[in-house]
Structure formats: C-alpha cells, structure tokens
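Below is one structure; the comments refer to it alone.
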Amino acid sequence: MVNMVEQQDAGEDIVIAGAGVAGLAVALGLHRKGVGCVVLESSPVLRTSGFAIAAWTNAFRALDALGVGDTIRSKHLQIQGACVMSPTTGDVAREIDLRVQGKCGPHEARCVQRNVLLHALEEELPPGTIRYSSKIVSIDDQDGDGDGDAKILHLADGSILRAKVLIGCDGINSVVAKWLGLAKPSDSGRRATRGHAKYPDGHGFEPKMLQFSGQGFRAGLVPCNHTDVYWFFTWSPSPTPGGKDDAEQNPAEMKQFVLAKLRSIKAPPEVLEAVERSEMNDVLVAPLRYRPPLSLLSASISKGNVCVAGDALHPTTPDLAQGACVALEDAVVLARCLGDAIVGTERESVEAALRRYAGIRRWRSAQVIAASYMVGRVQQSDHAVVRFARDRLLSGMLAKGLLMMPDFDCGTL
C-alpha cells in the first residue's frame, strides 16, 4: 500500500473514489481500454458487507464486457424461476420463468456473493491500483500552477492528492456527489435487514427465488450456490413509545422479528430454518434511501472533469434488485466514453466524454429509481385495496416486472 502521508501534493491522472462494485468495475473497464487509474478506498480492506447481490441479465452483459462474466458464472447457480408465495396459504401462488427470451437475448439471473465479485474485479487490476485507508473528506479546485482543471483531494490522514479526472463511486453518502450538487438521498420510510445461511452439506433448495409479502413487509430467499443461501427482509417500522422502533434491535431480536413475520404468512419450514441458522449482516438494519428520480433529469451528473457512478449517482430501493446491475452498466459506459476520449482514434476532451456518459446514463438512472420505488410501495402497502389487488391480481405482473429492467444492453467497451 502506498503511504499517502508521504505523498503530499502528489498527482494522478484519473482518481476513482471508492472500491465497491462500481469503483472496481470502472477501474477494470479503463484498464481494459489501456488507461491507468488509482482507486481510493476509505476502508483498510475491501468492503464485502451485504453478503450477496442480485446479478441479472444486464449485469452479466456488463461483466462479460469487463471480461469476468464466466468467472462469476462458474461460482454461482443460475436462478431458473421466481416463485411468488401466497400470504394466506404459504403455497406458490405464481411462478415466473427467469430464463425466457428477452428483446436483447435470453434472460439470466444469479445471486452473486459480493466478496466473490469484488475479488474477481480486483484480481484483474494491476497491483497497486487500490490504495486502502484513503478517505476523501473534501474537494477543492486547483490553484495557481496553470493546471486549472485538476481537483485537490484532501484525505482523512491529512495528505493531499491532485486529480486530473475524479470519478465518484463512493456510495450513497458520496463526497463527490455532494460536490456536484446532486440532491440529497431521501428516506423511503422503510428498513431492510439481510442474512446468509451456510449449509456445508448442501441446502437442498431449488435454484429459484422465493418472494413473500405480508402486512407491511416483503421478504425473499435465493440460493447463491449449493451451500450458501441469501435472504432479505424489508419493512416499514412503527415507532414505539420510547422513541425507538424495531429497526434498533440486536441480532437475536431481529432474527426473531423476521421469523415472527414469516410465520404469520405461513412461510415454509425450510425458509424459517434458513433464517434461524443464518449469520446476520454486519450492518444489522439499513434505511432504504433513494435519490429523487426527477432531480436527476436536470442534475449535474458530470461537471468539468468530475462525474459519479453507482450508488453515488442513483441510490435506489432494492425492490427490483437492480442497484449493482445498473452500477455495472455505468462502469462499462463510463470506461468506454472516457477510454475513447483518451486513447481512441477520434479524440475528444475529457469534459465532453463525461458529458456524453452523463447523457447516456441520466434517464436510465431515473427510470430504475422510480420503478423500484413504485414496486416497493405496492408490494409492501398496508392499504386494504392495494393489498387485495396485489395479492389477487398483481402478483404475476409484479414478478414479470423483475424482467423488464434487466432487459437492457449497455454495450461493449
């Protein structure tokens, strides 16, 4: 690891803030284009919290473009279908085939372990690309030496770095997004917890996604491979007289809370067992936040030599399981635009390349945020009419909606 304290006033051509899915994917895309960069990660190691992510058709198109698609496929089961469970009987109410043909080709879905994905991206990068324990705390414009486009990055350890290009992949609380003036993420009023159950001798679940909904909550369970199962649970908390809600519980209490809700809709015993034997997320409970989608239609996604990607651009609720998928799309588009500007035969300025990237990703980002939010509201609504329509009439439509957003091709590098 490079000692950043000794690099006072050091300079880099391209700096990426954040070594999450978006940051590492952008770095790898640029590397494939023959463009070097440095990735600044605030943590001392890769952050693998969250256990798993849903990788749909659009994600695998992006991963194939980056050259790691088959590596990820080899370690995860292809999910064959989505089963919508009845909230009254616990039986399968509707099943959707997730391998059907879409407008861009056959659909594909896998529950990908986050650490496997991050390590696969990291292993393809040149040694020393990631600088750990390097947190950006503020950004200033360059002063004085004639390099007017550079940005001055002040790091938490007191060191300073000059960046000719700055790409913010630093998550929902992005320092770069704040510098660009993007709207502050809004709280959806919902919360989420996640878990991971390990079965050394095999779990026995079919390669299918199980979806549950009840009064004020939504849950899902999906196998990653033959030994690992991932589940999530989202709900709208009710404040207690003491001023705290059920989002502020310890792991044992949270597990019992989830089990009680699943029992109320007669979830199958094997699902309850998966929750009982699971390891809880290191982030026990997280608020579900999103950037107001209309704000992105006129926002400065890029400004000069600065832009954002991933959750720094489009934080969204997880109801369509598209957050990481769209981040991977961002990475391919951004690496293509920026790489072509730097090493392509038709040269253009970095500023123009980032504007082109922003134009391509603006509507797609707003669309995914809005669709995810609306699906979440319908699936988790307590309103009697909405609940009746959802359970009796809309369950299949909502399940099919899972295939609409992934039916997208971000192109190649």
Side-chain angles (χ1 to χ4, degrees), residues 21 25 50-66 68-85 92-118 120-121 192 194-197 203 205-213 218-232 234 271 274 316-332 364 367-368 371-372 375-376 379 395-410:
V21 172
F51 295 127
I53 62 173
W56 295 82
T57 318
N58 51 331
F60 276 101
R61 291 197 182 103
L63 291 169
D64 285 337
L66 295 170
V68 295
D70 286 343
T71 298
I72 301 304
R73 288 184 180 94
S74 69
K75 298 177 180 180
H76 300 91
L77 295 170
Q78 181 170 358
I79 305 305
Q80 298 176 4
C83 299
V84 181
M85 313 302 287
V92 177
R94 192 72 57 93
E95 183 169 351
I96 304 298
D97 189 348
L98 297 182
R99 300 164 296 174
V100 298
Q101 190 78 8
K103 64 181 181 182
C104 297
H107 278 288
E108 179 177 10
R110 299 172 197 266
C111 186
V112 172
Q113 293 173 295
R114 183 179 172 85
N115 64 327
V116 172
L117 175 57
L118 292 181
L121 296 170
R194 302 167 178 87
H196 165 232
H203 49 66
F205 284 98
E206 293 185 79
K208 295 180 180 180
M209 176 189 303
L210 304 181
Q211 296 188 47
F212 306 89
S213 60
R218 178 172 172 262
L221 180 145
V222 59
C224 298
N225 48 42
H226 294 293
T227 58
D228 297 273
V229 172
Y230 169 76
W231 60 265
F232 67 87
T234 66
V271 172
T316 181
T317 60
D319 302 288
L320 291 177
Q322 278 292 303
C325 302
V326 181
L328 290 166
E329 294 176 16
D330 293 342
V332 172
R364 173 70 171 164
Q367 182 185 39
V368 170
S372 297
V375 166
Q379 289 188 327
S395 59
M397 185 183 302
L398 291 172
K400 289 179 180 178
L402 287 172
L403 296 177
M404 295 175 62
M405 286 300 161
D407 204 5
F408 182 88
D409 191 348
C410 62

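What's counted below: heavy atoms across the whole structure, side chains too, no hydrogens, waters or symmetry copies.
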- prompt: Counting heavy atoms not belonging to Glu206, are there more than 12 under 6.0 Å from its CD?
  reply: no
N/O donor-acceptor pair under 3.5 Å between Asp407 side chain and Lys103 backbone: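 Side chain of Asp407 to backbone of Lys103, a donor-acceptor pair under 3.5 Å: yes, one is there.
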query: Is there a donor-acceptor pair closer than 3.5 Å between any side-chain N or O of Arg364 and the backbone N or O of Glu329?
result: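 Answer holds: no.
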- prompt: Roughly how far, to the nearest 0.5 Å, is the CD atom of Gln113 from the NE2 atom of His76?
  reply: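 Rounded to the nearest 0.5 Å, the NE2-CD separation comes to 4.5 Å.
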task: Please name the residue in the list Gln211, Met209, Arg94, Lys208 that meets the side-chain contact (heavy atoms from CB on, under 4.5 Å) test with Cys83.
output: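 With Cys83 as partner, Gln211, Met209, Arg94, Lys208 yield a single side-chain contact (heavy atoms from CB on, under 4.5 Å), made by Lys208.
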task: List in chain and number order the residues that pass ring-ring contact (aromatic ring centres under 6.0 Å, His included) with Tyr230, two or more places apart in sequence or in another chain; answer none if no residue qualifies.
output: none
- prompt: Within 45° of the axis and under 6.0 Å from the centre of the six-membered ring of Phe51, does NZ or CZ of Arg194 qualify?
  reply: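 So Arg194 doesn't make the cation-pi contact.
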Nearest heavy atoms of Val21 and Leu117, plus distance in Å: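 In terms of heavy atoms, the two residues are closest at CG2-CD2, 4.0 Å.
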Contact summary for Pro223 and Cys111, nearest pair of heavy atoms: O-CB, 3.6 Å
task: Compare all side-chain heavy atoms of Thr57 with those of His107 and state whether any distance is below 4.5 angstrom.
output: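 The answer is yes, as the side chains (C-beta and beyond) meet within the 4.5 Å cut-off.
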- prompt: Less than 4.5 Å apart, any side-chain heavy atom of Cys104 and any of Arg61?
  reply: yes
- request: Assess whether side chain to side chain contact (heavy atoms under 4.5 Å, CB included) is satisfied between Trp56 and Met405, documenting all intermediate values.
  value: CA-CA 9 Å; Trp56 295 82; Met405 286 300 161; over 6 Å; no
query: Between Arg73 and Asp64, is there a side-chain N and carboxylate O pair less than 4.0 Å apart?
result: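 Asp64 and Arg73: salt-bridged.
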